Enquirer: 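Quick one: the structure is below, questions incoming.
Computed from a predicted model, the values in this text were never measured in an experiment. Sequence lines set the chain letters: A, B, ... in the order given, protein chains first and strands last, and positions in each chain run from 1. All values below come from the heavy atoms of this structure, side chains included, with hydrogens, waters and symmetry mates left out.
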Amino acid sequence: MWRRTGYCGELRASHVGQEVILMGWVHRRRDHGGLIFVDLRDREGQVQVVFNPERGQEAYEVARRMRPEYVGAIRGRVAMRPPGTENPALDTGQVEVLAEEARILNEARTPVFPIEEETAAAEEVRLAYRYLDLRRPSLQQNLRLRHRVYQVIRSFLDRNGFIEIETPVLTKSTPEGARDFLVPSRLSPGHFYALPQSPQLFKQLLMVAGFDSYFQIVKCYRDEDLRADRQPEFTQIDIEMSFVDREGVLPLMEELIAEIFQAAKGVKLPRPFPRLTFTESFDRYGLDNPDTRFEMDLTDLSEVVRGTEFRPFADALESGGVVKGINAHGCSDYSRKDIEELTDYIKVFGAKGLVPFRVTPEGVSSPMAKFFSPVLLEAIRGVLQGSPGDLLLLVADQPPVVAEALGRLRLKLAERLGLLDPHKFNPVWVTDFPLLEFDEKEGRWSAVHHPFTAPVGEDVPLFDTDPGRIRAQAYDLIINGQEVGGGSIRIHRREVQAKMFQVLGIGEEEARAKFGFLLEALEFGTPPHGGIAFGLDRLIMILTGAESIRDVIAFPKTQKGQCLMSKAPSPVDGAQLKELRIKLDLP
RNA sequence: GGGGUCGUAGUUCAGUCGGAUAGAACGCCGGCCUGUCACGCCGGAGGUCGCGAGUUCGAGUCUCGUCGGCCCCGCCA
């Protein structure tokens with residue numbers, strides 16, 4: 001076998017005169033009868049190879065048999081292209097390789113879809129032939145950027161004293177949180193391992209063990225329904241630190257994120273990152289994952305419109321609700337149909353309606369104008385700072401409904417107005433989440449973050465009086481409205497953990513059965529500790545501008561959790577099931 | 001569990017009011033062509049209209065069911 005001298009995509013004018021041996025895929029062949037051009041492609045790019053029978057009759061004959069995606073090897077000399085035939089679209093476009101000898105290393109079936117930067121092929125087809133899809137430059141670039149990010153993370157955390165430790169993939173099912181993937185145990189019939197939703201308990205135990213600072217780039221598994229940014233298995237950058245409070249975690253994590261953005265995008269993120277409390281975020285943006293690349297804040301109009309006869313507003317206010325609005329700058333020309341579309345959109349989130357007011361040079365107009373006095377219309381305009389050309393959109397309902405409806409509407413409008421600058425990266429910490437939320441369905445308190453999150457010290461007495469007002473020492477990192485990470489300072493005292501389980505309705509016995517090992521560990525000298533986990537896939541999505549998480553994962557699954565290439569999941573034969581003592585009960 | 005949308009040649013799509021032999025482009029195969037790079041020109045092959053029922057003289061087209069892709073709600077500590 002020949003040994004290649006380098007990559008196709010690397011050849012430049014400086015290589016002219018050198019003899020090279022190249023190997024790669026036939027990207028395209030242009031047969032002129034007496035002269036054949038072959039673009040040979042490898043991971044670094046492509047280069048034009050010229051087959052002239054006068055230079056190599058046998059090589060020419062081989063080139064005649066070449067077809068797209070054949071794997072070929074050529075030996076030849078790098079030459080400047082004749083003047084006027086350079087191709088500025090190619091990095092290698094100044095030069096070409098004059099083939100003297102050629103070999104076909106392997107033939108290829110006609111590709112199911114052409115291997116091009118932008119493919120028109122449906123994702124269904126691309127996923128079934130993922131290895132062909134992965135030949136396309138855009139996916140190659142995404143995965144190589146992902147590789148770069150792995151290296152930056154390891155280098156940064158190593159430099160800062162973190163120790164990389166693997167935790168079990170076959171572990172224990174725990175209550176709360178997402179549905180577990182289960183793995184039957186052959187050696188313990190009727191017992192099951194669970195795949196970890198995160199290494200949460202293990203990393204805390206590593207703190208108990210005295211490793212001080214730990215990290216892991218680790219797969220996590222959650223058996224929930226998929227979305228454009230959710231896969232059943234995904235990767236976290238999992239981090240935990242001992243003897244720290246929040247200020248020991250956040251600034252260092254900002255350095256890590258900044259280093260990633262610098263290395264991957266050449267973007268400098270100013271530090272410190274801005275911070276918002278959960279309450280501020282909720283009030284201004286309606287969501288706990290605010291996109292701060294643009295303004296359009298939610299504004300409270302409850303006091304302005306109090307006393308109005310307009311039923312939807314009056315009813316909402318009487319039943320403890322609020323009236324809030326946003327100013328869609330320059331949207332006064334939105335048609336009735338546009339407004340209807342936006343209304344339908346927010347109805348998905350529980351809002352009953354959307355009340356529009358157009359600001360014109362003559363004043364404020366609205367289909368609902370007859371319910372409002374001119375003074376009130378002017379007051380609404382004033383509070384929302386409406387100028388002629390603006391469209392004011394109001395929603396009235398219970399606070400959470402108003403927040404989500406307007407928060408999502410704000411994003412929808414920003415998208416329509418082109419306010420989401422893809423070159424802008426706005427990180428923001430959201431802090432002071434509530435520790436608990438009341439689950440109406442289950443009729444009990446549940447943890448907003450997870451049951452090991454520490455409450456803010458001064459709020460601990462509220463456990464007995466008003467659990468809903470306890471703040472958590474938890475924090476999320478949001479970039480451009482995407483939650484890319486979240487963490488907390490953990491409970492390290494046995495009695496606080498007990499209080500937490502108590503309020504969650506997890507009995508002494510159940511707690512011992514489910515988390516006994518953690519509770520016990522807390523009794524053996526647990527340092528104060530806390531940490532964070534970043535969603536690596538989502539981070540790579542932001543860095544690459546990918547619209548789907550599938551574009552940053554080599555072998556992703558469909559919305560039904562299937563791998564169209566390997567056909568997983570699949571039935572297994574009876575012997576396997578018998579060995580596991582499993583009987584199927586299918587509909 | 002629910003809502004929306006899509007499924008026709010290898011690929012991307014068109015296909016009228018239900019009507020005769022289901023079309024186009026790209027790709028593929030063959031021929032010609034010595035400076036192309038989305039090469040060009042000539043010719044050709046290629047179809048389980050996702051699958052299954054039903055309505056009809058007749059279904060790619062209408063109805064019902066079903067399978068699958070994508071987006072969303074619920075879900076995702």
Enquirer: Within the structure, does a side-chain N or O atom of A/Thr558 lie under 4.0 Å from either OP1 or OP2 of B/rG69?
Expert: yes
Enquirer: Decide, applying a 5.5 Å centre-distance limit and a 30° plane-angle limit (both strict), whether A/His32 stacks on B/rC39.
Expert: yes
Enquirer: So which nucleotide does B/rG18 pair with, by the Watson-Crick or G-U wobble rule with both distances under 3.5 Å?
Expert: none
Enquirer: For A/Ser446 and A/Arg444, which I'm curious about, is there any donor-acceptor pair between the side chains at under 3.5 Å?
Expert: no
Enquirer: Given that both distances must come in under 3.5 Å, which nucleotide forms a Watson-Crick or G-U wobble pair with B/rC70?
Expert: B/rG4
Enquirer: Verify the contact: side-chain N or O of A/Arg222 to OP1 or OP2 of B/rC75, cut-off strictly under 4.0 Å; return yes or no.
Expert: no
Enquirer: Decide, applying a 5.5 Å centre-distance limit and a 30° plane-angle limit (both strict), whether A/Phe37 stacks on B/rU36.
Expert: yes
Enquirer: If the cut-off is 4.0 Å, is A/Arg30 near the phosphate of B/rC39, judged by side-chain N/O to OP1 or OP2?
Expert: yes
Enquirer: For B/rC73, does OP1 or OP2 lie under 4.0 Å from any side-chain N or O of A/Arg227?
Expert: yes
Enquirer: Can you spot which of A/Arg28, A/Arg30, A/Arg29 makes a side chain to side chain donor-acceptor pair (under 3.5 Å) with A/Asp39?
Expert: A/Arg30
Enquirer: A/Arg550 near the nucleic acid: base, sugar-phosphate alone, or nothing, with a heavy-atom cut-off under 4.0 Å?
Expert: sugar-phosphate
Enquirer: Can you check whether A/Arg67 has a side-chain N or O nearer than 4.0 Å to OP1 or OP2 of B/rC29?
Expert: yes
Enquirer: Who is the Watson-Crick or G-U wobble partner of B/rU63, with both distances under 3.5 Å?
Expert: B/rA53
Enquirer: Quote, to the nearest angstrom, the P distance that separates B/rA24 from B/rG44.
Expert: 12 Å
Enquirer: When the C1' atoms of B/rG69 and B/rC42 are considered, how many whole Å apart are they?
Expert: 40 Å
Enquirer: Return whichever of A/Arg179 or A/Asn52 has its heavy-atom-nearest nucleotide of RNA chain B closer to the 5' end.
Expert: A/Asn52
